[in-house]
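Convention: sequence-line order gives letters A, B, ...; per-chain numbering from 1.
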Amino acid sequence: MKINSPLEAYKFLPGTNCGECGETSCMAFASHLIDRSLQATDCIPLIEEKKYKKKYDELVTLLAPEIREVVIGVGDNAISIGGDDVLHRHKLTFFNKTALAYDVWDTMEEADLVERVNKIQDFKKFYVGDYLTLDMIAVRSVSNDPEKFAATVKKVMETTDFPMVLCSFEPAVLRAGLEVAAEKRPLLYAANKDNWQEVAALAQEFNVPVTVFAPNDLDLLKSMAKTFADNGIEDVVLDPGTFPTGKGLKTTLNNFLKIRRAGINGDRDIAFPIMAVPFTAWMAHDDEVSASYWETVVASIFTVKYGDIMIMHSIEPYALMPQLHIRDTMYTDPRKPVTVDPAVYEIGSPTADSPLLVTTNFALTYYTVESDLSSNGVDCYLTAIDTDGIGVEAAVAGGQLTAAKIKKGLDDAGFDMGKLTHKVIVLPGLAARLQGDVEDETGAGVMIGPADSGRLPGWMEQNWPPQK
Amino acid sequence: MSNKMKLSGLTDILKDLDVQSLEGVTIEGDIELDISGGGGLNPAMAYALGHEAAQISMHVANIARMLGYPVDQLFAASMGGVPQQAPVAGASRIPELLPAKFDVSKMSEWATPIQEVTLGATSADGGSRKNTVTLGGENALPYYFDAEMPHRNYVTMDVFDMPISMAKSVKENYGDVINDPADWAKKVVKDFNADMVTIHLISTDPLIDDTPAREAAKVVEDVLQAVKVPIVIGGSGNPKKDPEVLEKAAEVAEGERVLLASASLNLDYERVAKAATDHGHAVLSWTQLEINAQKELNRKLMKQCNVPRDSIVMDPTTAALGYGLDYAYTNMERIRLAGLMGDDELTFPMSSGTTNAWGARESWMKESPLKQDSDWGPREYRGPIWEIVTGLTLSLAGNDMFMMMHPTSVQVLKEITQTLYGSIEAEEIDITKWIGAEV
Ligand code: B12
Ligand code: SF4
C-alpha cells in the first residue's frame, strides 16, 4: 500500500458522510481502508458516480498491496496467494494464508492416485470452530510423457475440485496438461532459463498463472518476472529454489528474506508471491520419517518467513498437523481477539438432568470444549462467560473469570437454574479455586471437572449424575 | 536449395501409430513438392501450392502435437519469429529477457547489538565447567544476511528433582534415571547431546513435597558434580518458596555462573536478583507474554537490584503450537526488533520453555477426542515434531536458548538451527531435478 494513514485515503473519498458504506463517516471508512477490513468498492457513491471515477482509480492504485495477489483455481476452491503489505505480522496482519499443495505423479497406478488425492482433499483437523484443511494438488511429470501427464491431470480433476500446480520443465508436457485443465486455472510450474519463452507463451495462450524458477539466482529470477509482467503476464509466482540442507538452506532462507524485503520496500519487479518446495527434503533423506520430519521443518521455516505457496510430499498426519497449525499461527489476524458471543449454548439436546458447564468466550477455548462435547454426544448446557476473549487459566489469573462474572453470565443469558433437577455448576479444572466463591455467589452446588476438556466424556461417565 | 518430400510416405509412417483423428487430412496421390530457388513457378501457382502445403502442414502439425511433439517450439525456432495468429503456434513469443539486477538494502535501523551473556565458568574463572555458553550478541534478526550471527542457539534439557508426570513418549527415554537427577543430567548430556542442563527443583513446592531449600541445594551440587556443562537452576514456580530455594542454590553453585530461573513480577524478584549478584550468577527475567511487563521487570532488575546487563536473560513465555504460539512468536519478535532498534530495556538474549509444547493435546493424546477429525496417526511421531516446530518458530523470532525435553526434538532442533546459523555442511543436491524425483 502506498499510503498508510486514514487522512491520506480520506482525500479520495466523496466526503459527504452519507453512510451508505455502513460507516458513520468517510473518515471512519478511510481507517478501514487502511487496515484493509473494507475495500474502495464498498463506498457506493465512489464507484457509481461518474465524477469520482478518477479519484476511485487513483485510490485503488494507492491501496493495492505491495506484493501482488495471484489467484489459482476457479470457483469456491480458488486460492489467492500474496497480497502482503508488511514484513512482520504485528504491523498489520499477513494476508492470504500460505497455500499447501501436496504432490501426485504421472507414473502412479490409477487406484493409488485416486486414493492419494482423496486423502489430501479429505484431511481435516478441527480448530477454533472450523476445520483446518489442505489446499492443492501438485501434479509432477515423472515420465516426461505428455499423454501420461494429461491423463493424470484429468484423473485428478475427476477426483477433486482442489486447484492444481502442473509441474514439468518440458513445454510439451505442460501444454498437454493445460489442454485438459486450462479452464481450472492451474498454476504452471515452471519457466526456467532454458524454456521460459515457451512457458511464457503457454501462460499467455491459456491465461494461467505461472511460476518462474531460478535457483539461487535472484538477478535471473527478477529478470524473468519483469519480462513476464512487461509482456502482460502479471500472475507470476517466484521460486528462488529450495535447497533443503546445509548452507544451501541458509541461502534459501536469505533469498526469501531478500525478495520479500525488496518487494515490500517497493521494488515492483520482484513483488510477487514466493513458492517454497520443501519436497526437496526427500532428495536428502532416505527413510520416510526423517524425510517427513525434515520436510515439515523446512515447510515451517517458509511458513514463518514469506512462503506464499509450498509443495510437499508427506501426507502423514504427524507432518500435516504441524504444517496446518503453523500456517494458522502465522496468519491469524493479531488485531482481533477471537471470541464467541457470551451465552448459554445448548450442546446436543440437553434436558433437566443434563450438566451445566462453564467456560470462557475465548474462541480457542470455547470451540475446543464445544467440539469435545458434541463429537462425543454429550448433551449439556455450555456457558461462555464474557472474559474479554481470554482462556480459562489466564482469565482466572487476570480476574476476567470470577464468581461474579459467572453469576452475571447466567443471569444475562436468562438461564433459570430452577429448571435443572441437580442445581450443579461444573467448573473447568483450571478454575478450581473459584469453587467456594461460585457456591456462595450462585447458591448452586459446584463440581470441578478435569483440566482438559478432552477428558470430559470420561469424567462424565465417572461423575455424572452427581451423587446426592 | 531443393527439398523433396513424398506425402505418401508420411501416411505410411502414421499408419503404424495409433492416430485416430486423421479426419480432415486427405492426402491424395503422390504429391511431390519440389520447391527450388529458381523460377519455373508462376506466382498464382506458387500461391496455390503454398496454400495447399500450409494446410497440409497444419494438419500434420496437429497430429504431431497429439503425439506430444513440441510443435510450437519447432515452428518458433525454424521461423525465427512470431507466428502471428497461427492457431497452431498459439500465443506470441517474447524475444528476449529484460535485463535486471536484484538489489536490496540492509536494515539501517538495526543499530543496537543484543547484549552478550555468558553462562558457566571454567577453572580459569573459578568454576569447574569444561566449557561456557555465550548467548546473544546479535545485530540482526536471526540468520539474516544483514549481519553475521555471533553465537549459535543452545539447548538446555530439563531434569527434575523428582518423578513427574510426562507424556508417554517423553517418559520412555527417562525410565532408568527418573529417580536420580544426577544420572538424569548425565544422560541428557552424554546420550542426547544437551548443551546445558536445567535442574528443576519442583519438589520444593509446599503443595508437593515441600523439600527444604537446603536439601534441594544438595541436588544442585550433585548435578554440578555429574556434568561439566553450564547449568540452569529452576524453582518450583511457587512464588513464596522460590526466592529462598534459589538463594540456597545460588550459594552452593558459587563460582559456576549458573542461570537462576526465575525472577518474575509476582514474586520477590529482589531476593532472586541479589542471590544472583552475590554469587556471580545470571538471572532469568520471566514475564508472561507482555512486552511492557518485560520492560518493567528488566528495568527493575537493572535499576533497583543492580543486576549487570551481562547477567540478564529474558523468558517472555512460550505458548505451544496451536495454543497461543501466535502470541508468543509475535511477542518475541517485537521484543527483539525493539532491542535491535535501541530499546535498552529489551536488548537481552531470550530463552524459551519449549517443553510447554507437550501441553498441547496434539503432542500427547493417543488420538483425537473428536470423531470428525482425520486420524491423528501415531503420537510417538506427533509429540517430538510439536516441540520442534514450536522451538523453530521462536528461533526465527530471535530466541537464543531452548529448554527442551524429548531427545529427538533436541537433535532435530539443533540440526535445523545450526543449519540456518551456517555451521552445517551438506552434500549439494541438484534441486532442478525435483519434479522427476522418484520418492
Ligand atoms: C496464551 C496465554 C495468554 C494470552 C491469553 C490469550 C487469550 N486470549 O486467552 C495473554 C498474552 C493475553 C496472557 C496473559 C496473561 N497470562 Co497467560 N497464558 C497463556 C498461555 C501461554 C496459553 C493459554 C491458552 O490459551 N491455553 C489454551 C486454552 C484452550 O486453554 P483453556 O482456556 O485453559 O481451556 C482448556 C481447559 O481449561 C479446559 N476447559 C476449558 N473450559 C472448560 C470447561 C469445563 C467444564 C472443563 C471441565 C474443562 C474446560 O479444556 C480446554 C482445552 O484443553 C498459558 C500458558 C500455557 N502454556 O498454558 C499462560 C497462562 C495461562 N497465563 C498466565 C498468566 C499469569 C497470565 C497473566 C496474568 C500474566 C500477567 N502477569 O500479565 C496475563 C493475564 C491476562 C488477562 N487475563 O488479562 C499463567 C496462569 C498461572 C495461573 N495458573 O494462575 C499461565 C498458566 C502461564 C504460567 N505458567 O504462568 N496469557
Ligand atoms: S459510502 Fe462513501 S461517501 Fe458515504 S460515508 Fe461511506 S465513505 Fe463516505
Determine whether a donor-acceptor pair (N or O, by modelled atom type, separation under 3.5 Å) exists between the side chain of A:Lys247 and the backbone of B:Ala426.
no
At their closest point, which heavy atom of A:Met283 faces which heavy atom of B:Lys433, and how far apart are they?
CE-C, 4.0 Å
Among A:Glu316, A:Gln323, A:Met224, A:His88, residue most engaged with chain B (heavy-atom pairs, under 4.5 Å):
A:His88
Segment of B:Gln418 engaging chain A (4.5 angstrom heavy-atom cut-off)
neither
Among A:Lys119, A:Met330, A:Glu288, which has the most heavy-atom pairs under 4.5 Å with chain B?
A:Met330
Which portion of A:Ile326 sits near chain B, non-hydrogen atoms under 4.5 angstrom:
both
Need one label for A:Phe149: side chain, backbone, both or neither, based on atoms under 4.5 Å from any heavy atom in chain B.
neither
Quick one: what part of B:Pro95 sits under 4.5 Å from any heavy atom of chain A, side chain, backbone, both or neither?
backbone
Test item: A:Asn376 side-chain N/O and B:Pro369 main-chain N/O as donor-acceptor pair under 3.5 Å
yes
Which atoms of A:Ser168 are under 4.5 Å from chain B, going by heavy atoms: the side chain, the backbone, both sets, or neither?
backbone
If you measure from OG1 on A:Thr252 to CD1 on B:Ile431, what distance do you get to the nearest 0.5 Å?
6.5 Å
Counting only non-hydrogen atoms closer than 4.5 Å, does A:Val128 touch chain B with its backbone (N, CA, C, O), its side chain (CB onward), both, or neither?
neither
Under 3.5 Å: donor-acceptor pair, side chain of A:Asn254, backbone of B:Phe145:
yes
Does any heavy atom of chain B fall under 4.5 Å from the side chain of A:Asp372, the backbone, both, or neither of them?
both
Counting only heavy atoms closer than 4.5 Å, note whether B:Ile429 contacts chain A via side chain, backbone, both or neither.
both
Heavy-atom distance under 4.5 Å to chain A: side chain of B:Asp103, backbone, both or neither?
backbone
Find out whether A:Lys91 and B:Leu337 are in side-chain contact, i.e. whether some heavy atom of one side chain is under 4.5 Å from a heavy atom of the other.
no
State whether A:Lys125 and B:Asp373 are salt-bridged, where the test is any N-O pair (Lys NZ or Arg NE/NH1/NH2 against Asp/Glu carboxylate O) under 4.0 Å.
no
Option that, when pairs with chain B are counted at under 4.5 Å, heavy atom only, ranks first among A:Trp282, A:Tyr131, A:Phe206:
A:Tyr131
Taking A:Gly246's backbone N and O only, do any of them form a donor-acceptor pair with B:Glu425's side chain (distance below 3.5 Å, no angle check)?
no
One should read off an interatomic distance between B:Leu420 CG and A:Ile301 CD1, to the nearest 0.5 angstrom, of 4.5 Å
Side-chain heavy-atom pair A:Leu257, B:Tyr143 within 4.5 angstrom cut-off:
no
Enter the distance from B:Trp376:CH2 to A:Leu320:CG here, rounded to the nearest 0.5 Å.
13.5 Å
Which atoms of B:Leu413 are under 4.5 Å from chain A, going by heavy atoms: the side chain, the backbone, both sets, or neither?
neither
So do the side chains of B:Leu370 and A:Ser371 get within less than 4.5 Å of each other, counting heavy atoms only?
yes
Taking atom OH of B:Tyr381 as the centre, does the number of heavy atoms from other residues, nucleotides or ligands within less than 6.0 Å exceed 12?
no
A:Leu220 portion near chain B, given a 4.5 angstrom heavy-atom threshold:
side chain
Report which part of B:Met107 has an atom under 4.5 Å of a heavy atom belonging to chain A: side chain, backbone, both, or neither.
both
What part of A:Phe126 gets within 4.5 angstrom of chain B, counting heavy atoms only: side chain, backbone, both, or neither?
both
Identify which part of A:Leu364 has an atom lying under 4.5 Å from any heavy atom of chain B, answering side chain, backbone, both or neither.
side chain
Without swapping roles, check the side chain of A:Ser223 against the backbone of B:Leu98 for a donor-acceptor pair under 3.5 Å.
yes
Identify whether NZ of Lys or CZ of Arg in A:Lys258 sits under 6.0 Å from the centre of the six-membered ring of B:Phe102 and within 45° of that ring's axis.
no
Please classify the contact between A:Thr242 and chain B as side chain, backbone, both or neither, with a heavy-atom cut-off of under 4.5 Å.
backbone
Donor-acceptor pair, distance only, cut-off 3.5 Å: does the side chain of A:Ser300 make one with the backbone of B:Thr393?
no
Using atom types as modelled and distance alone, determine if a side-chain donor or acceptor of B:Arg382 lies under 3.5 Å from a backbone N or O of A:Tyr318.
no
Verify side-chain contact (heavy atoms from CB on, under 4.5 Å) between A:His325 and B:Val389, making sure each step is shown before the conclusion.
CA-CA 10 Å; A:His325 272 290; B:Val389 173; over 6 Å; no
Under 6.0 Å between ring centres, would you say that holds for A:Tyr189 and B:Trp434?
yes
Flag, side chain of A:Arg261 to backbone of B:Ser105, donor-acceptor distance under 3.5 Å:
yes
Residue pair A:Asp122 / B:Ser374: nearest heavy atoms and the distance that separates them
O-OG, 3.6 Å
Considering only heavy atoms, which portion of A:Val277 lies under 4.5 Å from any heavy atom of chain B: side chain, backbone, both, or neither?
side chain
Side chain proximity check, A:Arg89 to B:Asp326, heavy atoms < 4.5 angstrom
yes
Region of A:Ala284 in contact with chain B, defined by heavy-atom distances below 4.5 Å
both
The interface call for B:Gln288 against chain A, heavy-atom contacts under 4.5 Å, is neither
Side chain from CB out, backbone as N, CA, C, O: work out which of these in A:Thr332 comes under 4.5 Å of a heavy atom of chain B, or both, or neither.
side chain
If we only count heavy atoms from C-beta on, is the B:Ile385 to A:Tyr293 side-chain gap below 4.5 Å?
yes
Can you tell me how far NZ of A:Lys305 sits from CG of B:Leu396, rounded to the nearest 0.5 angstrom?
6.5 Å
Any side-chain to backbone donor/acceptor pair from A:Tyr127 onto B:Gly322? Under 3.5 Å, distance only.
yes
